[in-house]
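Atoms considered below: every heavy atom in the structure, side chains included; atoms not considered: hydrogens, waters and symmetry mates. Quick caveat: nothing in here was measured; it's all calculated off a predicted structure. Throughout, a chain's letter reflects where its sequence line sits, starting with A, and its residues are numbered from 1.
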Number of protein chains: 2
Amino acid sequence: MKTYPHNVKTIKSENRALIFNYLRRKPTSRAEISKGSGMSKSAVTMITNELIHDGQIVETNSAPSARGRKSILLDIVADYRVAAGISLHRKHIYVCIVDLKSRILAYASHKTSDWNNPYRLMDDAYREICGFLEELNIPKERCLGIGVSAPGPLDYVSGVMMSSPEFELFHNVDVRSYLQNKSGMPVMLDNNAVLLAMQQSLSNQYPYKNFIFVVVSNGIGSAVINNGTVYRGFRGFAGELGHTSIHANGIPCSCGNAGCLEKYISIQALQEKFGIPSYEKVVDDAYMGDHEANRILEYIADEFSCALGNAINLFDPDGVIIYGQFSYRPEKLFALLQEKVNRRSVITRTHPVEISYSRMQPDEASASVCSAIINRYFEQKL
Amino acid sequence: MKTYPHNVKTIKSENRALIFNYLRRKPTSRAEISKGSGMSKSAVTMITNELIHDGQIVETNSAPSARGRKSILLDIVADYRVAAGISLHRKHIYVCIVDLKSRILAYASHKTSDWNNPYRLMDDAYREICGFLEELNIPKERCLGIGVSAPGPLDYVSGVMMSSPEFELFHNVDVRSYLQNKSGMPVMLDNNAVLLAMQQSLSNQYPYKNFIFVVVSNGIGSAVINNGTVYRGFRGFAGELGHTSIHANGIPCSCGNAGCLEKYISIQALQEKFGIPSYEKVVDDAYMGDHEANRILEYIADEFSCALGNAINLFDPDGVIIYGQFSYRPEKLFALLQEKVNRRSVITRTHPVEISYSRMQPDEASASVCSAIINRYFEQKL
DNA sequence: TCAAATTTATGGTATAATAGAACTAATAGA
DNA sequence: TCTATTAGTTCTATTATACCATAAATTTGA
């Protein structure tokens, strides 16, 4: 249900966003954009020339063509703007400056146990951002804003972090207001699974149009990308895969539910159940043919496939991408997962649903903290 | 990721759709539409006058106002167009003609066991539709198309029914092509849960913006409405709640999975487990204070709340609406469900998620078979 | 009863954006 | 060098809206 009207002015900004959606994936010619998007050539010319004039895009080399005049590729000007990012993790905090192509221009990572004062933490991070911008000689006006990522429950609409077991001391910290007032820049708070999924969606590593992105670390979070946009639900809390129950009367979880996936396949859970030293060790042993190690992988695949199968049955994706822990030598586990998911999910009877591991590089993942800010720029809802 | 461009012409059709979205809910004045939608008064006047001229809407009585000129309410002309519907159930087939306000103008229901020849079935249904149109003196041109609903797995994009345990003999029946060729009208095939959810969404019975609609009959299906539109997933198979597993190693299901919700709370399952004569009897007994009957309700709520909690954790809705079987004297069961879901779902820690039973009337539900066709008309993507 | 205030609806004009056609530019191959 | 082909630009007609002024209808209160 669309509640905003369209007028002559919105046309242009929507079409501009459409053009950016091509360019940010790869350099593209005017002709190709016109054909792909359905816009007239003249409209594409008009908009792109304006963007060139502004310095937002440039003409790069020309692309070979079978016959006729070569096309001139247009490309994003990566450093037209930058974005700052603050990534909160359980044991460290990561601060970075990122360009429009998600390349990291500056970063720092600090260990921290000082969760007592989230405001001081934000102060420090903001000071660091200012320092980076100065070093890079980038005036504040060229910084689009600050993206903040956190693993815990948060309200992305209001920009407030809620209390969680992991971040005990973050009781309704209004990250957005605080940082926005301090910096005078737009601030966007988001869940790290959502941000990573956005980044993955853009990376073209997998061709999925509708995928579930699962982040396995201490907890298990997820996000769903539906035709290129994040499925948010009512308040943006969608995707709590880790607290999905696979045993209605199973192991009690701190969340109040019983049988939560996290209680079965998180590293902590595996350590408790099997006494393993590390997941990597188990995988290495499994490849060496160790029976017990293979049994553990089988167990993980069994439990995980149940939760994944459920999510697939509900979301009907064309792919599932798993990020984090299980990406270590993933072939063996993923073969098992695929097989078991195929058995469990009725959706896979109608079309294949590929279970893949994320090939995102560490720096891409780090840069993802800015992806909401950068997306906002490219949408240019002027 | 929008892939169609906007031009001067699309503006108008989108704004017209915006106006219809107000009018189909309730009669509304031009002024109110203008304020609510953000469109200028002149644009609203322009479009509505055109629609009046076409006979698509009319001015009705004027609405009282505190001060100043009374506003003139505009209303849909319900019989400007009609839609035909064919609803396939396991043991009967339902055929109807519906107006733009989802009022049933003609209908018939037939018992049938003749699933041997789905084409003859469609032939019969289409003949009946033609008969109805003749009786009602409605020329074929005024019929928007034929909506077809079925409970089994189907591809709404291509309009093909797939084989399922319930409809064994429907092996890839191309309902759309067959009926479209026969009738020369647009044909839309859809899942009955989706159609009911669309109808519910329009009915304004509940204020939810993002709800999960669950249909409990022989199987358990569901559909998710996200900001007024159906969440479809990759190929429209989303919402297989009934084959969501709540016991990873539970009762084997014909779908290949184990522990599917259907295997626990479907009437058949309850009869097998508890030997009950009918669900209604159990409920009546429970209200009379019967201990065993209350135990059964508790059991249902336990199992159901697990699947619902999972779906809520994944979709983050503001409400869940349950339709069908459990709507019989629902207060007792729904109180239990609400309590258990609140315990199981982490989402309910952040905002309330109401578990309600659908108050849709039987005729509304029957008319829902046409809701995709009618929605298509009101969207008027000209 | 009548004027002021208020709200609804309409009409005219300026503006913005696109489509489409005609045109120029560049390129490969015969 | 000529031709077919594709890329990109420019100009004009079209279309839809916003904005402003105005008209119409209604209530309030003097």
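Close approach of DNA chain D to chain A, defined as any atom under 4.0 Å from a non-hydrogen atom of the protein, starts and stops at dT5(D) to dA18(D).
The environment of NZ in K101(B) is crowded: more than 12 heavy-atom neighbours from other residues, nucleotides or ligands sit within 6.0 Å.
One finds no salt bridge joining E141(A) and R81(A) here, because no Lys/Arg side-chain nitrogen approaches an Asp/Glu carboxylate oxygen to under 4.0 Å. The pair K12(B)-E50(B) counts as a salt bridge, with a side-chain nitrogen and a carboxylate oxygen less than 4.0 angstrom apart. Of the charged side-chain nitrogens involved, none lies within less than 4.0 Å of a carboxylate oxygen, so that E364(B) and R103(B) do not count as a salt-bridged pair. Ion pairing of R235(A) with D155(A) is present here, as a side-chain N (NZ or NE/NH1/NH2) and a carboxylate O approach within less than 4.0 Å. A salt bridge does not link D99(A) to R142(A): none of the charged nitrogens lies less than 4.0 Å from a carboxylate oxygen.
Using the six-membered ring where Trp is involved, Y231(B) and F315(B) have ring planes that are perpendicular, over 60° apart on the 30 and 60° scheme.
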Under 4.0 Å protein heavy-atom contact, by nucleotide of nucleotides 1-13 of chain C - B base, S sugar-phosphate only: -----BBBBBB--

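Base-pairing analysis of DNA chain D finds the following stems of at least three consecutive Watson-Crick or G-U pairs, with both pairing distances under 3.5 Å: C:1-30 with D:1-30.
Between the side chain of D318(B) and the backbone N or O of K209(B), at least one donor-acceptor pair lies under 3.5 Å. With T28(A) contributing its side chain and K26(A) its backbone, the two residues share a donor-acceptor pair below 3.5 Å.
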What are the atom names and distances for every N/O pair under 3.5 Å that joins the protein to nucleotides 15-17 of chain C?
none

Chi angles and distances behind the ring pair (Phe, Tyr, Trp, His ring centres under 6.0 Å) call for Y156(B), F237(B): CA-CA 9 Å; Y156(B) 87 103; F237(B) 299 105; 8.5 Å; no

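For F378(B), the ring pair (Phe, Tyr, Trp, His ring centres under 6.0 Å) partners two or more places apart in sequence, or in a different chain, are F20(B). Scanning for ring pair (Phe, Tyr, Trp, His ring centres under 6.0 Å) contacts around F234(B) gives H351(A), with sequence neighbours left out.
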